[in-house]
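Naming: A, B, ... by sequence-line order, numbering from 1 per chain.
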Number of protein chains: 2
Amino acid sequence: MRVLDHPLQADQARILCKALADPVRLTVIEALAGGERCVCDLTGELGLSQSKLSFHLKLLKEAGLLESRQQGRWIYYRLRVEALHSLQAWLAALAVRCERPASPCP
Amino acid sequence: MRVLDHPLQADQARILCKALADPVRLTVIEALAGGERCVCDLTGELGLSQSKLSFHLKLLKEAGLLESRQQGRWIYYRLRVEALHSLQAWLAALAVRCERPASPCP
DNA sequence: TTGATTCATCAACCAATTTTGATCTATGGT
DNA sequence: ACCATAGATCAAAATTGGTTGATGAATCAA
């Protein structure tokens with residue numbers, strides 16, 4: 001099953017979580033879940049200043065959540081679904097560790 | 001399927017991610033994945049000062065990742081697996097939104 | 001009741017992130 | 001070549017977060 005691929009280091013999970021732990025970045029992520037978009041689209045759609053958006057896009061990209069391509073003057077960003085799956089897998093593994101059979105009563 | 005229960009608001013997901021986005025808190029989480037522990041156990045095991053640990057435990061609890069119970073002088077903390085599942089579900093829902101069929105080529 | 005132990009809380013300090021506005025680079029149109 | 005547009009980058013200011021050491025509250029044992 002897809003969710004169990006990619007066992008992730010705790011530190012990589014932390015980096016992904018950190019990237020997701022900001023309201024601006026979360027709106028960006030959700031906008032991009034709808035498909036690839038160029039920066040100027042996003043500034044309009046989300047009402048963000050250009051440099052603010054650029055700052056967060058860079059951060060998300062460095063965390064591995066986004067990738068981008070250039071087309072003429074425009075730069076298109078899109079979500080890396082693999083990153084979402086990796087984090088899911090890490091959480092799943094953690095949850096499994098919690099669900100060991102209860103020890104015989106104390 | 002368990003992973004698809006509990007549809008989560010983006011903001012709750014953000015709060016969970018924020019709580020997970022710190023190295024100290026992540027070691028606490030991983031220690032508690034091994035089972036319930038009292039605070040003084042954790043300070044020893046993780047080599048953290050008492051007030052530092054207490055600060056992070058509070059934060060994790062407020063985020064919904066931990067719960068605690070008192071027994072005599074000791075306070076035992078444990079992971080809330082539901083929180084992990086919620087976040088997993090949120091990620092899964094996001095990933096699904098990304099995987100819509102590609103639009104006919106441009 | 002006294003003293004020891006466990007844990008929470010507080011204030012002061014330090015460190016990391018975010019925001020803003022300005023400037024810089026690259027691309028494309030004329 | 002010149003100008004307009006898209007987006008990255010930078011430094012300073014503002015904000016948020018984490019750490020420390022001290023103090024406080026609750027529990028228990030003697």
Side-chain angles (χ1 to χ4, degrees), chain A residues 10-32 35-80 106, chain B residues 10-32 35-80 106:
Chain A
D11 200 59
Q12 300 174 299
R14 187 182 59 80
I15 287 167
L16 289 174
C17 285
K18 193 171 183 173
L20 293 170
D22 175 276
V24 171
R25 291 194 288 273
L26 225 40
T27 64
V28 171
I29 291 281
E30 298 213 303
L32 292 177
E36 197 183 51
R37 288 233 182 350
C38 71
V39 179
C40 60
D41 270 10
L42 287 172
T43 54
E45 212 168 300
L46 307 178
L48 298 170
S49 76
Q50 186 267 318
S51 79
K52 188 174 185 171
L53 179 57
S54 197
F55 170 81
H56 291 290
L57 286 171
K58 182 182 183 180
L59 224 148
L60 285 166
K61 190 177 177 182
E62 284 171 350
L65 278 160
L66 302 185
E67 49 195 355
S68 62
R69 71 188 170 87
Q70 178 162 9
Q71 193 173 71
R73 274 189 272 198
W74 293 275
I75 298 189
Y76 289 86
Y77 280 87
R78 62 185 171 284
L79 252 176
R80 289 190 64 243
Chain B
D11 200 58
Q12 300 174 298
R14 186 182 59 80
I15 287 167
L16 289 174
C17 285
K18 194 171 184 175
L20 294 170
D22 175 275
V24 172
R25 291 193 289 271
L26 226 40
T27 64
V28 171
I29 290 281
E30 298 213 304
L32 292 178
E36 196 185 51
R37 288 232 182 352
C38 72
V39 179
C40 61
D41 269 12
L42 287 170
T43 55
E45 212 170 298
L46 307 178
L48 297 170
S49 77
Q50 186 268 316
S51 80
K52 188 174 186 171
L53 179 56
S54 197
F55 170 81
H56 290 291
L57 286 172
K58 181 182 184 179
L59 225 148
L60 286 166
K61 190 177 176 182
E62 284 172 351
L65 277 160
L66 301 186
E67 50 195 353
S68 62
R69 72 187 170 89
Q70 180 163 7
Q71 192 174 72
R73 275 188 272 198
W74 294 273
I75 297 189
Y76 289 86
Y77 281 87
R78 62 185 170 284
L79 252 175
R80 290 189 64 244

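Residue K18(A) is classed as a sugar-phosphate contact, given heavy-atom separations below 4.0 Å to backbone atoms only. If you check every strand for non-hydrogen atoms under 4.0 Å, L59(A) touches sugar and phosphate atoms only.
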When you look at I29(B) and L20(B), which way does the side-chain contact (heavy atoms from CB on, under 4.5 Å) test go after all the steps?
-> CA-CA 8 Å; I29(B) 290 281; L20(B) 294 170; 4.1 Å; yes
List the steps and the verdict of side-chain contact (heavy atoms from CB on, under 4.5 Å) for L16(B) and L65(B).
-> CA-CA 7 Å; L16(B) 289 174; L65(B) 277 160; 3.8 Å; yes
Given R78(A) and R69(A), is the side-chain contact (heavy atoms from CB on, under 4.5 Å) satisfied, shown in steps?
-> CA-CA 9 Å; R78(A) 62 185 171 284; R69(A) 71 188 170 87; 3.9 Å; yes
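Taking atom CD1 of I75(A) as the reference point, atom P of dT5(D) lies 18 Å away to the nearest angstrom. The separation between L46(B) atom CG and dC7(C) atom C1' is 16 Å, rounded to whole Å. Distance CG (L60(A)) to C1' (dT17(C)): 14 Å, rounded to an integer number of Å. Distance D41(B) CG to dT6(C) C1': 12 Å, rounded to the nearest Å. In this entry the distance linking CG of L53(B) with P of dG18(D) reads 14 Å, nearest Å. Summarising the geometry, the separation between CG on D22(A) and C1' on dT15(D) is reported as 12 Å, rounded to the nearest angstrom. In this structure, the CG atom of L57(A) is 13 Å from the P atom of dT18(C), given to the nearest Å. Atom P of nucleotide dT6(C) and atom CG of L48(B) are separated by 16 Å, given to the nearest angstrom.
A heavy-atom distance below 4.5 Å is found between the side chains of L42(B) and L32(B).
Summarising the geometry, atom NE2 belonging to H56(A) is positioned 8.5 Å from atom OG1 belonging to T27(A); distances are rounded to the nearest 0.5 Å.
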Report each atom pair, protein N/O against N/O of nucleotides 20-30 of chain C, whose distance is under 3.5 angstrom.
residue	atom	partner	partner atom	Å
dG21(C)	O6	S51(A)	OG	3.3

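Contact record, K61(B) with L66(B): CG-O, 3.6 Å, taken as the closest heavy-atom pair. Considering all non-hydrogen atoms of both residues, V24(B) and K52(B) come closest at CG2-CE, 4.2 Å.
Dashed line: the shortest gap from a side-chain N or O of H56(B) to OP1 or OP2 of dG17(D) is not under 4.0 Å. Close to dA8(C), at under 4.0 Å from its OP1 or OP2, lies a side-chain N or O of Y77(B). OP1 or OP2 of dT9(C) has at least one side-chain nitrogen or oxygen of K58(B) nearer than 4.0 Å.
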